[in-house]
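Since the structure comes first, as structure tokens, the remarks are kept for the end.
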Amino acid sequence: MLKGKVALVTGASGGIGRAVALAYAKNGAAVAIHYRGNQEKAEEVRQEIEALGGTAELFCCDVADFTAAKELIDGVVKHFGRIDILVNNAGITKDGLLMGMSEADFDMVIDTNLKGSFNCMRFASRQMLRQKSGRIINVSSVSGVAGNAGQANYAASKAGMIGLTKSAAKELAGRSITVNAIAPGYVKTAMTDKLSEQVKNQVLSQIPMGRYAEPEDIAGAAVFLASDMASYITGQVLVVDGGMVI
Ligand code: NAP
């Protein structure tokens, strides 16, 4: 489905990014595996892709750093010759109630999730404009769609990603570049592992499908949005949450 395509997945050393990178490789894409600190996990993803007969390369940077993001995109284009799919998946949480939230925790979440996505889109879109085609997929969250107590910084960053998605979709549509967002609900990864059992059970009770998402549930949506089947879909938010925010 993605044969001949080059995909950059940011945060591919993490749970959802790994699943997206593997799903893209299974569908024929060459994958740029991006990570920040966890080289070991990124290397495991590379080995899994190579074991499938796929092609992958590792790239490391802090996406919140404008210059580093430029170097990331330049590096991917230098290595693979092009970039067809960008998945802005790198992200963090620093949860806390609004009245106690530190300025540093607010800034770090916005800088990583929102500015990091802008940084990568800013430079990848230039290459996609040259190619007159491309797919940008931003991993937002149901927290950005519906808000979530204790996540003012995170929800603001994820809602911001939706505005970024819609604006970029309007700017880039004329060159056959689509820009969409995926808004996962609760996905079983390191990010959610750290939540208390009480919070996990409370979330579970709000999911009509009665189960958390697996990273592969999100990867399926990412494959669809990158495929030819989605070539006329742009500026949309695909909520993948088992019915949590219906
Ligand atoms: P995860 O397992 O914690 O992975 C996070 C990834 O982001 C890691 O690869 C990490 O790299 C990377 N990262 C963090 N800060 C970075 C930075 N400054 N620069 C570059 N990379 C950075 O989390 P996940 O659950 O897979 O989440 C992936 C995305 O899905 C996030 O954007 C998250 O907000 C979103 N999401 C998750 C859920 C959920 O329930 N899990 C729900 C909705 C949305 P290193 O580990 O290598 O440092």
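Values below: every heavy atom of this structure, side chains too, minus hydrogens, waters and symmetry copies. Just so you know, these numbers come straight off a predicted model, no measurement behind them. Each ligand, and each atom within it, is numbered from 1 in the order the structure gives.
- With respect to atom 48 (O) of ligand 1, the closest heavy atom belonging to the protein is G37 N, 2.8 Å.
- N148 places no side-chain N or O within 3.5 Å of a backbone atom of S143 that could act as its donor or acceptor partner.
- In this structure, A42 has no heavy atom closer than 4.0 Å to ligand 1.
- Of all protein heavy atoms, the one closest to atom 37 (C) of ligand 1 is I16 CD1, 3.6 Å.
- The option from A68, G91, G14 that lies nearest to atom 7 (O) of ligand 1, judged by heavy atoms, is G91.
- In terms of protein heavy atoms, atom 12 (C) of ligand 1 is closest to G11 CA, 3.8 Å.
- Listed by number with element, the atoms of ligand 1 under 4.0 angstrom from any heavy atom of T192 are 39 (C), 40 (O), 41 (N).
- Contacts of K158 with ligand 1, taken as heavy-atom pairs under 4.0 Å, involve the side chain alone.
- Taking only non-hydrogen atoms, the option from M191, E40, M161 nearest to atom 23 (O) of ligand 1 is M191.
- Considering backbone and side-chain atoms alike, S141 places every N or O at 3.5 Å or more from each N or O of ligand 1.
- Heavy atoms of other residues, nucleotides or ligands lying less than 6.0 angstrom from CD of E43 number more than 12.
- In this structure, the side chain of T10 engages the main chain of A90 through a donor-acceptor pair within 3.5 Å.
- Residue pairs meeting the side-chain hydrogen bond (donor to acceptor under 3.5 Å, both in side chains) criterion with at least one member in residues 227-246, sequence neighbours excluded, do not occur.
- Note on ligand 1: A183 sits outside its first shell, no heavy atom being nearer than 4.0 Å.
- Within ligand 1, the atoms closer than 4.0 Å to a non-hydrogen atom of Y186 are 40 (O), numbered from 1 in the order shown.
- Considering backbone and side-chain N/O atoms, A64 never comes within less than 3.5 Å of an N/O atom of ligand 1.
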Checklist entry - Where do R211 and D217 land on the side chain to side chain contact (heavy atoms under 4.5 Å, CB included) test, with the steps shown first? => result CA-CA 12 Å; R211 68 167 178 90; D217 290 313; 2.9 Å; yes
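- Considering backbone and side-chain atoms together, G17 places no N or O closer than 3.5 Å to any N or O of ligand 1.
- S143 does not count as a contact of ligand 1, since none of its heavy atoms falls under 4.0 Å from the ligand.
- Both the backbone and the side chain of D62 come within 4.0 Å of ligand 1, counting heavy atoms alone.
- Looking at K200, its side chain does come within 3.5 Å of a backbone N or O of D193 through a donor-acceptor pair.
- Among protein heavy atoms, atom 13 (N) of ligand 1 sits closest to A90 CB, 3.9 Å.
- A distance of 10.0 Å separates CG of D105 from OG1 of T93, quoted to the nearest 0.5 Å.
- Contact annotation: for I92 versus ligand 1, heavy atoms closer than 4.0 Å belong to the side chain alone.
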Next on the checklist: Determine whether K132 and M128 satisfy the following criterion, side chain to side chain contact (heavy atoms under 4.5 Å, CB included), listing intermediate values before the conclusion.
Outcome noted: CA-CA 6 Å; K132 297 191 177 65; M128 290 176 177; over 6 Å; no
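- In this structure, L52 places its CG atom where more than 12 heavy-atom neighbours from other residues, nucleotides or ligands lie under 6.0 Å away.
- At a 4.0 Å heavy-atom cut-off, ligand 1 does not touch K188 at all.
- Shown in contact with C61 at under 4.0 Å from a heavy atom are these atoms of ligand 1, numbered in order with element: 19 (N), 20 (C).
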Item to check | From CA spacing to verdict: side chain to side chain contact (heavy atoms under 4.5 Å, CB included), D74, F123 | outcome: CA-CA 8 Å; D74 287 349; F123 296 108; 5.9 Å; no
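- The single protein non-hydrogen atom nearest to atom 17 (C) of ligand 1 is R36 CD, 3.5 Å, given as residue, atom name and distance.
- Looking at atom 28 (C) of ligand 1, its nearest protein heavy atom turns out to be N89 OD1, 3.1 Å.
- Between the side chains of N88 and S117, no donor-acceptor pair is found at a separation under 3.5 Å.
- Geometrically, ligand 1 and P184 share no nitrogen or oxygen pair separated by less than 3.5 Å.
- Nearest to atom 24 (P) of ligand 1 among the protein's heavy atoms is T189 OG1, 3.6 Å.
- For ligand 1, one of its N or O atoms has an N or O atom of N38 under 3.5 Å away.
- Within the structure, ligand 1 has Y154 among the residues with a heavy atom less than 4.0 angstrom away.
- When atom types are taken as modelled, the side chain of N180 and the backbone of I233 share a donor-acceptor pair closer than 3.5 angstrom.
- A heavy-atom separation below 4.0 Å is not found between R18 and ligand 1.
- Looking only at distances, a side-chain donor or acceptor of T192 sits under 3.5 Å from a matching main-chain atom of T189.
- Under the 3.5 Å distance criterion, the side-chain polar atoms of H34 are matched with a main-chain donor or acceptor of C61.
- Legend: salt bridge (charged side-chain N to carboxylate O under 4.0 Å, His left out) pairs involving residues 11-20, not counting sequence neighbours, sorted by first then second residue: R18-E48.
- The ligand atoms of ligand 1 that sit less than 4.0 angstrom from a heavy atom of T112 are 15 (N), 16 (C), 17 (C), 18 (N).
- Looking only at protein heavy atoms, the nearest one to atom 9 (O) of ligand 1 is S13 OG, 2.7 Å.
- In summary, the atoms of ligand 1 found under 4.0 Å from a heavy atom of H34, numbered by their order in the structure, are 20 (C), 21 (N).
- Neither the backbone nor the side chain of A213 comes within 4.0 Å of ligand 1, counting heavy atoms alone.
- Atoms of ligand 1 lying under 4.0 Å from any heavy atom of G185, numbered from 1 in the order shown and given with element: 38 (C), 40 (O), 42 (C), 43 (C).
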